Asker: 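Take this structure first; my questions come after.
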Number of protein chains: 2
Amino acid sequence: MELKPARKKFIQTWGALGSQWGINKTMAQIHALLMVSHEPISMEDIMEELHISRGNASMNLRALMDWGIVYKEYKAGERREFFTAEKDLDELAVKISRERSRREIKPALKVLKEVSVVEGDSAEEKHFSEQTKKLYDFVLKADNVLDRITEYKDNWLTQLMIKFIK
Amino acid sequence: MELKPARKKFIQTWGALGSQWGINKTMAQIHALLMVSHEPISMEDIMEELHISRGNASMNLRALMDWGIVYKEYKAGERREFFTAEKDLDELAVKISRERSRREIKPALKVLKEVSVVEGDSAEEKHFSEQTKKLYDFVLKADNVLDRITEYKDNWLTQLMIKFIK
DNA sequence: ATTATCTTTCAATATTTTTTGAAAGTTTAA
DNA sequence: TTAAACTTTCAAAAAATATTGAAAGATAAT
């Protein structure tokens with residue numbers, strides 16, 4: 001396969017995957033582009049390759065940097081800023097997990113805890129309280145697991161366990 | 001806390017969480033409503049509680065059933081259909097993981113495999129091929145881990161390992 | 001201090017996604 | 001077979017989300 005179409009296809013796919021998981025398409029595409037680039041890229045080049053406006057590029061690069069998965073780089077003697085992506089995938093996964101946990105899971109957990117204190121004797125009230133308590137425990141555990149996904153992934157004992165469970 | 005506002009708050013939160021993860025708000029809300037209900041609910045009641053149209057309710061219930069996490073129930077002597085949610089959270093997680101894997105991850109893996117065969121001697125081509133190969137391996141492993149999230153979660157050895165890794 | 005180069009911001013616009021509601025479809029009962 | 005009770009479908013409308021582009025904001029060179 002040729003580089004150009006392969007790159008294009010990869011960027012499209014990564015963008016689509018992103019939007020299915022609540023990350024905007026352009027953000028995921030910029031990230032994809034940077035991940036497969038062997039050297040830092042300027043905003044101008046990102047705009048050109050993805051056919052997007054300056055504003056769009058700027059805003060999404062900012063967002064990616066807020067997630068801690070894209071970095072600014074300065075080249076000596078260059079006025080422009082260049083960008084690179086976190087290329088260590090374990091590091092990438094850890095950062096994404098941490099951020100999603102902080103932004104989305106933790107607040108949801110807080111609410112689950114709040115609402116699960118419903119008291120009362122009716123079947124309705126009992127069931128509500130029980131179910132939300134279970135959800136709290138479950139989400140809490142899942143959150144921990146996600147946070148440690150790479151540690152699991154690469155642990156030999158775990159690998160063994162996977163085979164065992166299978 | 002009172003049941004009514006607690007239930008409302010839970011449904012709102014679950015809906016918001018859903019949309020942040022690429023599941024539409026109403027779908028997540030219907031699911032939330034059914035999860036905390038101690039008995040099956042009719043479409044009419046769902047429409048009323050969530051203030052949504054008949055069409056919306058019908059389509060999202062269909063989607064939830066396609067995911068395998070909501071079931072139809074028939075009550076003796078009743079013409080209407082009633083709905084319940086999968087309430088076993090482990091089962092819920094397994095089904096969601098399986099579906100997302102099948103619909104989103106597997107197709108992405110296929111593309112990753114396709115594009116990673118790029119050949120050539122330039123640094124650009126080499127880097128592209130290496131990086132997409134790494135991504136393929138990583139996503140494949142992560143997919144397997146997700147698929148087994150509950151097995152991990154409840155395994156005592158793993159629990160011990162979490163503490164150990166910490 | 002002025003200009004040139006580059007980045008950010010944000011109101012307006014465009015696009016995508018979701019929702020509505022009425023017509024068509026289905027199933028059961030009379 | 002007709003009607004009643006309910007569900008599904010889908011084109012149109014609404015809502016939510018993303019994108020643009022030009023003006024304002026930085027920063028460095030002259």
Side-chain angles (χ1 to χ4, degrees), chain A residues 11-34 40-67 70-84 100 103-104, chain B residues 11-34 40-67 70-84 100 103-104:
Chain A
I11 290 170
Q12 293 301 320
T13 304
W14 205 243
L17 195 64
S19 37
Q20 284 163 327
W21 288 79
I23 282 126
N24 104 35
K25 194 187 67 178
T26 301
M27 191 165 150
Q29 287 186 339
I30 294 177
H31 181 245
L33 173 56
L34 294 176
I41 310 189
S42 69
M43 212 163 87
E44 205 72 38
D45 288 347
I46 293 171
M47 287 163 57
E48 180 161 334
E49 179 123 17
L50 302 181
H51 303 94
I52 59 172
S53 71
R54 191 171 297 286
N56 198 4
S58 173
M59 287 192 304
N60 282 114
L61 280 166
R62 150 84 21 232
L64 284 164
M65 289 188 292
D66 289 347
W67 277 69
V70 160
Y71 314 110
K72 252 186 200 166
E73 285 202 4
Y74 296 97
K75 283 192 188 173
E78 277 271 20
R79 186 69 175 281
R80 294 173 299 170
E81 298 169 341
F82 291 80
F83 300 89
T84 43
R100 296 208 85 149
R103 298 181 196 201
E104 298 152 15
Chain B
I11 291 170
Q12 293 302 321
T13 304
W14 204 244
L17 194 65
S19 38
Q20 284 164 329
W21 288 79
I23 283 128
N24 102 36
K25 194 187 66 178
T26 301
M27 191 167 153
Q29 287 186 340
I30 293 177
H31 181 245
L33 173 56
L34 293 175
I41 310 190
S42 69
M43 211 164 86
E44 205 72 37
D45 287 346
I46 292 170
M47 288 163 56
E48 180 161 335
E49 178 123 16
L50 302 180
H51 301 95
I52 57 173
S53 71
R54 191 171 297 285
N56 197 6
S58 173
M59 288 192 304
N60 282 114
L61 280 165
R62 150 82 25 232
L64 285 163
M65 289 187 293
D66 289 347
W67 278 69
V70 160
Y71 313 111
K72 252 186 201 168
E73 287 203 3
Y74 297 96
K75 283 194 188 174
E78 277 271 18
R79 187 71 175 278
R80 295 173 297 169
E81 298 168 341
F82 290 80
F83 301 89
T84 41
R100 296 208 83 148
R103 299 180 195 201
E104 298 151 15

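In what follows, chains carry the letters A, B, and so on, assigned in the order in which the sequence lines appear, proteins first and then strands, with residues in each chain numbered from 1. No experiment lies behind these values; they were computed from the predicted model shown.
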Asker: Between C1' on D/dC6 and OH on B/Tyr74, what's the gap in Å once rounded to a whole number?
Answerer: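 Roughly 11 Å, once rounded to whole Å.
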Asker: What nucleic acid atoms does A/Glu44 come within less than 4.0 Å of, heavy atoms only: base, sugar-phosphate, or nothing?
Answerer: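 Answer is nothing: A/Glu44 stays at 4.0 Å or more from every strand.
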Asker: Heavy atoms, side chains only, cut-off 4.5 Å: are B/Met43 and B/Arg54 in contact?
Answerer: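 Of all side-chain heavy-atom pairs linking B/Arg54 with B/Met43, at least one is under 4.5 Å.
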Asker: Please report the distance, rounded to the nearest Å, between CG in A/Leu61 and P in D/dT20.
Answerer: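 About 13 Å, once rounded to whole Å.
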Asker: Nearest to the side chain of B/Arg80 - D/dC6, C/dT19, D/dT8?
Answerer: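 When the side chain of B/Arg80 is considered, D/dC6 is the closest of D/dC6, C/dT19, D/dT8.
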Asker: Once salt bridge (charged side-chain N to carboxylate O under 4.0 Å, His left out) is applied, do any residues pair with B/Arg103, and if so which ones, sequence neighbours excluded?
Answerer: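 Applying salt bridge (charged side-chain N to carboxylate O under 4.0 Å, His left out) to B/Arg103 gives B/Glu99.
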Asker: Any idea which of C/dT7, D/dT19, D/dC6 is nearest the A/Asn60 side chain?
Answerer: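 Given the options C/dT7, D/dT19, D/dC6, the side chain of A/Asn60 is closest to D/dT19.
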Asker: Name the residue closer to the 5' end of DNA chain C, choosing between A/Met65 and B/Asn24 according to the nucleotide with the nearest heavy atom.
Answerer: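 Whichever sits nearer the 5' end wins; that is A/Met65.
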Asker: Give a yes or no on whether a salt bridge exists between B/Glu81 and B/Lys75, defined as a side-chain N under 4.0 angstrom from a carboxylate O.
Answerer: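 The answer is no: the pair does not qualify as a salt bridge.
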Asker: Taking atom P of C/dT19 as reference, at what distance in whole Å does atom CE of B/Met27 sit?
Answerer: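 The distance from CE of B/Met27 to P of C/dT19 comes to 11 Å, rounded to the nearest Å.
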Asker: Starting at CZ of B/Arg54 and ending at C1' of C/dG25, how long is that distance when rounded to a whole Å?
Answerer: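 Distance check: B/Arg54 CZ to C/dG25 C1' gives 14 Å.
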Asker: Taking atom CD as the centre, does A/Glu78 end up with more than 12 heavy-atom neighbours from other residues, nucleotides or ligands that are less than 6.0 angstrom away?
Answerer: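 Check passes, neighbour count above 12.
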Asker: Quick check on DNA chain C: between A/Arg62 and A/Ser19, whose nearest nucleotide comes earlier from the 5' end?
Answerer: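 With A/Arg62 and A/Ser19 compared, the 5'-side residue is A/Arg62.
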Asker: Taking only the side-chain heavy atoms of B/Met43 (C-beta and beyond), determine which of D/dT8, C/dT19, C/dT8 contains the nearest atom.
Answerer: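 The listed nucleotide nearest to B/Met43's side chain is D/dT8.
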Asker: Rounding to an integer number of Å, can you tell me how far B/Met59 CE sits from C/dT19 P?
Answerer: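 Interatomic distance, CE of B/Met59 to P of C/dT19: 8 Å.
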Asker: State which of C/dG21, D/dC10, D/dT8 makes the closest approach to the side chain of B/Lys72.
Answerer: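 The listed nucleotide nearest to B/Lys72's side chain is D/dT8.
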Asker: Give the rounded distance in Å between these two atoms: NZ of B/Lys75 and C1' of D/dC6.
Answerer: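 Interatomic distance, NZ of B/Lys75 to C1' of D/dC6: 16 Å.
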Asker: So which nucleotide from C/dT20, C/dT8, D/dT19 ends up closest to the side chain of A/Ser58?
Answerer: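 Among the listed nucleotides, the one closest to the side chain of A/Ser58 is C/dT8.
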Asker: Between B/Leu50 (CG) and C/dT20 (P), how many Å, whole number?
Answerer: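 Whole-Å distance recorded here is 10 Å.
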Asker: Please compare B/Gly55 and B/Glu78 by the position of their nearest nucleotide in DNA chain D and report the one closer to 5'.
Answerer: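 Whichever sits nearer the 5' end wins; that is B/Glu78.
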Asker: Counting any heavy atom closer than 4.0 Å, what does A/Arg79 reach on the DNA or RNA strands: base, sugar-phosphate only, or nothing?
Answerer: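 Base contact.
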Asker: Would you kindly give the CD1-to-C1' distance between B/Ile52 and C/dT20, to the nearest whole Å?
Answerer: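 Going from CD1 in B/Ile52 over to C1' in C/dT20 covers 11 Å.
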Asker: Would you classify A/Asn56 as touching base, sugar-phosphate or nothing, given that sugar-phosphate means primed atoms plus P, OP1 and OP2, and contacts are heavy atoms under 4.0 Å?
Answerer: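 Base: the residue A/Asn56, judged by heavy atoms under 4.0 Å, touches a nucleobase.
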Asker: Does A/Arg100 reach the main-chain N or O of B/Gln20 with its side chain, forming a donor-acceptor pair under 3.5 Å?
Answerer: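 Yes, because the side chain of A/Arg100 sits within donor-acceptor range (under 3.5 Å) of the backbone of B/Gln20.
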